[in-house]
There are 2 protein chains.
Amino acid sequence: MTVVPPTAATLPVTVDVVALTVRDDTLQVLLVERAVEPHRGALALPGGFVLPGEDLVTAAARELAEETGVTPPGHLEQLRTYGPLGRDPRGPVLSVAYLLVAPHFGVVEAGSDAAAAGWHPVAAVLPADGEGAGAARLAFDHARILADGVERTRSKLEYSALATAFCADEFTVTDLRRVYEAVWGVRLDPRNFSRKATGTPGLLRETGRTTSGGTGRPAALYRAARPVVRAGGLADAAADVTALLNPPLLRPAP
Amino acid sequence: MTVVPPTAATLPVTVDVVALTVRDDTLQVLLVERAVEPHRGALALPGGFVLPGEDLVTAAARELAEETGVTPPGHLEQLRTYGPLGRDPRGPVLSVAYLLVAPHFGVVEAGSDAAAAGWHPVAAVLPADGEGAGAARLAFDHARILADGVERTRSKLEYSALATAFCADEFTVTDLRRVYEAVWGVRLDPRNFSRKATGTPGLLRETGRTTSGGTGRPAALYRAARPVVRAGGLADAAADVTALLNPPLLRPAP
DNA sequence: TCAAAAGTGTTGAATGTACACCCATGG
DNA sequence: CCATGGGTGTACATTCAACACTTTTGA
């Protein structure tokens with residue numbers, strides 16, 4: 001069935017998932033503690049080898065479920081591919097990284113190959129450049145993969161509706177603002193943000209409902225204007241959550 | 001040496017290169033005519049199988065040189081990864097696509113596995129949506145890969161200094177504007193563009209020299225403010241040509 | 001002197017930013 | 001009534017967009 005030139009290499013391929021959420025106004029990443037060598041005991045991104053006949057997205061969802069008990073409830077997109085040389089002591093391994101952005105989802109529990117699974121503030125795992133050794137080292141080149149995923153997320157908040165993928169089904173403008181503030185690490189003016197968010201086409205869809213029960217005036221509830229899709233087939237066609245926003249919500253200049 | 005779980009698949013891996021340039025005020029892509037099955041005779045992106053012990057960028061440069069005689073003179077960055085299922089009649093194949101952006105470079109000549117190699121206007125190969133069958137079909141899923149590469153390029157012109165990678169070592173503001181016009185397919189006001197380009201930090205570096213010989217007033221010559229780097233190691237650290245521009249050069253609204 | 005291309009000035013519109021102020025609810 | 005958070009009005013600054021106009025060259 002598989003016929004390739006005799007000179008071609010075939011490589012073991014893994015998928016790794018950078019699963020991000022905002023909890024307690026903090027950007028957090030889902031990590032596992034490795035239960036097997038190499039890097040046994042170290043923190044790592046959930047992931048593992050692609051099985052025969054399996055597609056990449058399938059493998060990413062399977063590994064995530066196996067190791068953390070989480071079924072992708074949010075936006076899954078390919079991040080980039082790493083390797084194959086110099087990243088695994090066992091030899092050449094190609095790794096395709098995925099970015100999962102989701103509202104804070106339910107219980108995580110350690111599964112196969114993982115001694116533990118849980119959320120960690122990105123700031124505690126990735127030392128912001130300038131500071132010394134931030135915290136526990138991640139296995140393999142996962143620190144770099146995580147950094148790439150966070151950077152991609154920060155950029156995409158400006159130019160796409162990705163921030164809505166961090167929010168639950170229905171959410172307020174304040175919920176959305178807290179996502180921007182947590183991911184960018186800045187404070188935004190609630191009043192101007194509200195106008196900008198509601199005035200940007202393709203970001204919010206009104207529901208007509210409002211919050212209730214909290215203190216203060218009830219807030220209008222919105223849904224994401226663009227569907228949060230699983231990366232997979234040729235999903236780029238329709239205007240999904242990654243489509244360019246016009247005008248963008250630019251980060252305040254430093 | 002290579003030790004992977006017995007259940008893991010190993011996959012044949014190819015690299016494909018979307019090489020773009022601007023020639024005759026038109027965005028063009030480097031294509032080869034396949035000399036071997038499958039898809040013999042069809043147009044395809046240059047590319048091929050990764051060899052044992054080889055890294056991805058190395059393989060991309062090698063295949064490009066072998067099939068087209070071109071040595072990457074410009075900006076090479078990873079585009080994304082496709083597959084492994086449903087894209088090659090021979091079976092599962094993973095393909096890592098690269099984007100090469102370069103000034104119009106020298107002679108191209110067909111090499112191994114290629115009956116011909118040459119530049120083709122993107123518009124002639126990728127039918128703009130809305131029109132029917134645009135032109136010759138590309139082999140495999142290369143039409144989609146090309147579309148992704150073009151889309152990425154269009155976006156990156158807005159938010160990074162990537163346009164300078166289309167230009168020769170020294171270039172004028174008009175040269176740069178023609179890149180934007182060709183890639184976006186729009187006309188830009190030369191006077192406002194000039195102000196915007198020279199006023200955007202991180203885009204241009206003055207040389208003090210000017211053009212001469214042409215008709216009209218000589219134009220100031222610039223160099224790219226940010227180095228055009230080969231994708232490869234951890235090259236993202238320094239502010240290279242892909243670093244975010246602030247403020248961006250936004251496309252005119254449709 | 002003229003044509004051509006480069007580059008600057010200017011003006012009204014649109015957008016961003018800071019903050020005063022009003023609105024709607026729970027206690 | 002007050003405290004609290006949601007949301008609008010407004011004024012000023014900045015940027016954008018269109019285009020008149022000046023500059024500098026070759027013919």
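Here is how names work: the chains are called A, B, and so on, in the same order as the sequence lines, proteins then strands, and each is numbered from 1. As the structure is a prediction and not an experimental result, all values here were calculated from the model.
Partners of A:Arg154 under the salt bridge (Lys or Arg N to Asp or Glu O under 4.0 Å) rule, at least two apart in sequence or in another chain, do not exist in this structure. B:Arg223 is linked by a salt bridge (Lys or Arg N to Asp or Glu O under 4.0 Å) to B:Asp169, B:Glu170, counting only residues two or more places apart in sequence or in another chain. Considering only residues two or more places apart in sequence or on other chains, B:Asp141 meets the salt bridge (Lys or Arg N to Asp or Glu O under 4.0 Å) condition with B:Arg87. Evaluation of the side chain to side chain donor-acceptor pair (under 3.5 Å) rule for B:Glu158 yields B:Arg251 as partners, not counting sequence neighbours. For B:Lys196, the salt bridge (Lys or Arg N to Asp or Glu O under 4.0 Å) test picks out no residue, with sequence neighbours left out.
Taking the six-membered ring where the residue is Trp, A:His104 and A:Trp119 present perpendicular rings, their angle passing 60° and hence far from 30°.
On the nucleic acid side, DNA chain C contacts chain B at distances under 4.0 Å to non-hydrogen atoms, with the end points of that region at C:dA4 to C:dT10.
Nearest heavy-atom pair across A:Ala161 and A:Gly202 is CB-O, 4.0 Å. Smallest separation of non-hydrogen atoms from B:Gln78 and A:Thr81: NE2-N, 2.7 Å.
Residues of residues 203-216 of chain A having a heavy atom closer than 4.0 Å to DNA chain D, listed by number: A:Thr215, A:Gly216. Annotation: proximity of residues 154-171 of chain B to DNA chain C (heavy atom, distance under 4.0 Å) is found for no residue. Across residues 187-200 of chain B, B:Asp189, B:Arg191, B:Asn192, B:Arg195, B:Lys196 each have a non-hydrogen atom less than 4.0 Å from an atom of DNA chain D (numbered order).
Here OG1 of A:Thr21 is found 7.0 Å from CZ of A:Phe166. Values are rounded to the nearest 0.5 Å. Rounded to the nearest 0.5 Å, atoms CG (A:Leu245) and CG (A:Leu250) are 10.5 Å apart.
A:Leu204 has its side chain within reach of A:Phe171: a pair of non-hydrogen atoms, C-beta onward, lies under 4.5 Å apart.
Sorted pairs that involve residues 197-206 of chain A and meet side-chain hydrogen bond (donor to acceptor under 3.5 Å, both in side chains), not counting sequence neighbours, are lacking altogether.
Using a 4.0 Å heavy-atom distance criterion, A:Thr174 is classed as a sugar-phosphate-only contact.
Here the P atom of nucleotide D:dA17 and the CZ atom of B:Arg251 are 14 Å apart, to the nearest Å.
A donor and an acceptor atom never sit less than 3.5 Å apart when one is taken from the side chain of A:Arg217 and the other from the base of D:dG5.
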Please list, one pair per line, the donor and acceptor atoms closer than 3.5 Å that link side chains of residues 188-195 of chain A to other protein atoms, with sequence neighbours excluded.
{"residue": "A:Asp189", "atom": "OD1", "partner": "A:Arg191", "partner atom": "N", "Å": "2.8"}
{"residue": "A:Asp189", "atom": "OD1", "partner": "A:Arg191", "partner atom": "NE", "Å": "3.3"}
{"residue": "A:Asp189", "atom": "OD1", "partner": "A:Asn192", "partner atom": "N", "Å": "3.1"}
{"residue": "A:Asp189", "atom": "OD2", "partner": "A:Arg191", "partner atom": "NH2", "Å": "3.0"}
{"residue": "A:Asn192", "atom": "OD1", "partner": "A:Arg195", "partner atom": "NH2", "Å": "3.0"}

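Annotation: the terminal axes of the helix from C:dT1-D:dA27 to C:dG27-D:dC1 meet at 10°, where each axis is the rotation carrying the C1' atoms of four end pairs onto the next four (5 pairs per end, rounded to 10°).
Taking the nucleotide of DNA chain C with the nearest heavy atom to each of A:Pro218 and B:Val173, the more 5' of the two is matched to B:Val173.
Between the A:Thr207 side chain and the A:Leu221 main chain, a donor and an acceptor come within less than 3.5 Å of each other.
Checking A:Asp148 against A:Tyr82 by side-chain atom types alone, a donor-acceptor pair falls below 3.5 Å.
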